[in-house]
Amino acid sequence: MRKSVNRPPTPDAGENQEKEPSVREIVNIKLIESGEKERLMELLRERLIECGWKDEMKALCRAFVKKKGRNNVTVDDLIHVITPKGRASIPDSIKAELLQRIRTFLVSAAL
Amino acid sequence: MSVPNEDNMTSHSQLSSHFLGDLLDSIIVDVASECHRIARLGLDRNLEEEEEELRLSAQARVRVADPSNSGEANSKYVVDIFGQTHPPVANEIFECMNCGRSIMAGRFAPHLEKCMGKGRKARPKATRSSTAAQNRYSRGSPVSTYSAYSNSTSTNRLSNGTSGAAGEEYSNGTFPEP
């Protein structure tokens, strides 16, 4: 018999209809619930301000705004301006410090 | 879940990198949002000042290029880049170092011509130059005479010192403040 409509096969009633939460999602939930994500974010923010990273990003934004005109700028524009340079210019020491803390958390949470 | 240590390491490293990237992205969005707010609200003073200067210089250029602005009749009302107007003839008053008369700055050159002797009625004044010199040194504080004329502190700038050079050298004279 021809199928009149293209449709994916109906899952069995017994099968688990929800996708099992991935490891990432579990870790994320644990990070948030324990408050560690917030602490990590504040730590990273502080370190990036101290090393002048934030000022560099703000300077990039200011240059872009001057070029495009301050009323023509969207948040999206600025995110695209900052992201490549921002991800690349984070100092290694800060990266290492944060990675270490996250790893410690993962170990302590027995993941 | 029991996983051999090495796998733990790599998956932990991967996870850590993933979450670091996550945190970084959030912070980037925050910074972008902050800069966007500053830009839209015009809180970045430097940017504003530059825009202001650009606008003013464009205005000034227009005014300069505008033919109806130049010309003797209107020159009173021309505004310079600092927003000041200048009268067509400089009207600061000071003392001529040769004859001791109070002279209007805009009339100083012609006055000097006659005063210092180029000919034509000027020569006879030369005999009075010694009297003029005496007058210069004994001049006390003619406050009353000058306060009537001076109307701004810039008079001091133009007031000539006691040098003999005809207006070429300026040194702060001994005039009292008006």
Side-chain angles (χ1 to χ4, degrees), chain A residues 23-24 26-28 31 36-38 40-49 53-66 68-87 90 94-107 110-111, chain B residues 1-66 80-83:
Chain A
V23 178
R24 273 191 193 171
I26 298 178
V27 172
N28 200 27
L31 272 174
E36 184 66 8
K37 192 166 202 193
E38 182 88 27
L40 288 169
M41 185 109 95
E42 286 317 302
L43 176 64
L44 183 56
R45 229 192 281 268
E46 195 182 309
R47 290 282 180 266
L48 290 177
I49 291 178
W53 177 93
K54 187 175 180 190
D55 294 328
E56 282 176 30
M57 298 303 114
K58 284 178 85 167
L60 286 177
C61 289
R62 241 180 280 132
F64 181 84
V65 167
K66 191 148 76 153
K68 211 175 174 212
R70 54 173 260 256
N71 284 320
N72 302 337
V73 176
T74 65
V75 182
D76 243 10
D77 285 339
L78 293 179
I79 294 179
H80 288 123
V81 166
I82 301 183
T83 299
K85 185 88 198 290
R87 285 179 149 245
I90 168 173
I94 299 183
K95 213 190 286 194
E97 184 183 353
L98 266 293
L99 287 174
Q100 185 51 48
R101 269 192 69 152
I102 298 175
R103 255 192 239 117
T104 311
F105 175 82
L106 291 174
V107 167
L111 290 162
Chain B
M1 16 178 190
S2 54
V3 190
N5 256 350
E6 288 174 1
D7 278 358
N8 243 357
M9 293 290 282
T10 32
S11 68
H12 274 196
S13 298
Q14 271 189 352
L15 270 180
S16 309
S17 296
H18 164 76
F19 281 109
L20 178 59
D22 215 15
L23 293 171
L24 199 52
D25 283 342
S26 296
I27 293 185
I28 285 178
V29 169
D30 283 348
V31 173
S33 169
E34 193 182 319
C35 290
H36 176 262
R37 175 180 176 268
I38 290 177
R40 292 300 297 256
L41 293 182
L43 296 179
D44 192 347
R45 290 296 302 146
N46 277 348
L47 206 60
E48 259 194 7
E49 281 163 11
E50 283 178 36
E51 287 177 5
E52 184 75 12
E53 274 177 32
L54 284 174
R55 216 169 13 94
L56 285 179
S57 65
Q59 276 181 8
R61 242 178 278 137
V62 165
R63 245 181 261 126
V64 167
D66 189 357
D80 72 9
I81 60 171
F82 297 112

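Letters A, B, ... mirror the listed sequences (proteins, then strands); counts begin at 1. Computed from a predicted structure; not experimentally measured. FYI, side chains are in, hydrogens and waters are out, and symmetry mates aren't considered; it's all heavy atoms of this structure.
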Once rounded to the nearest 0.5 Å, what's the spacing between atom [atom1] of [X] and atom [atom2] of [Y]?
X	Y	atom1	atom2	value
B:Leu20	A:Arg101	CG	CZ	12.5 Å
B:His36	A:Leu78	NE2	CG	6.5 Å
A:Arg24	B:Ser11	CZ	OG	11.0 Å
B:Ile28	A:Ile82	CD1	CD1	6.5 Å
B:Asp22	A:Leu40	CG	CG	11.0 Å
B:Leu15	A:Leu99	CG	CG	11.5 Å

Which atom pair, heavy atoms only, marks the closest approach of A:Arg103 to B:Ser16?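 Result for this residue pair: CG-OG, 3.3 Å.
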
Audit row: B:Leu23, A:Arg45, side chain to side chain contact (heavy atoms under 4.5 Å, CB included) steps and yes/no: CA-CA 9 Å; B:Leu23 293 171; A:Arg45 229 192 281 268; over 6 Å; no

Leading residue by heavy atom contact count with chain B [cutoff under 4.5 Å; candidates [options]]:
options	answer
A:Leu98, A:Val73, A:Asn72	A:Val73
A:Asp77, A:Val81, A:Leu31	A:Leu31
A:Lys58, A:Arg87, A:His80	A:Arg87

Of A:Leu44, A:Ile49, A:Ile90, the residue whose pairing with B:Ile27 passes side-chain contact (heavy atoms from CB on, under 4.5 Å):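 By the side-chain contact (heavy atoms from CB on, under 4.5 Å) criterion, B:Ile27 pairs with just one of A:Leu44, A:Ile49, A:Ile90: A:Leu44.
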
Step by step, work out the side chain to side chain contact (heavy atoms under 4.5 Å, CB included) result for B:Cys35 and A:Val65. CA-CA 9 Å; B:Cys35 290; A:Val65 167; over 6 Å; no

Tell me, side chain or backbone of A:Asn28 under 4.5 Å from chain B's heavy atoms, or both, or neither?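 It is both, since atoms from each part get that close.
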
Start with the C-alpha distance between B:Val31 and A:Lys54, add both sets of side-chain angles, then the distance that settles side chain to side chain contact (heavy atoms under 4.5 Å, CB included), and finish with yes or no. CA-CA 7 Å; B:Val31 173; A:Lys54 187 175 180 190; 4.2 Å; yes

Within a reach of under 6.0 Å around CD of A:Glu38, are more than 12 heavy atoms found that belong to other residues, nucleotides or ligands?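 Counting neighbours around CD of A:Glu38, 12 or fewer heavy atoms of other residues, nucleotides or ligands fall under 6.0 Å, so no.
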
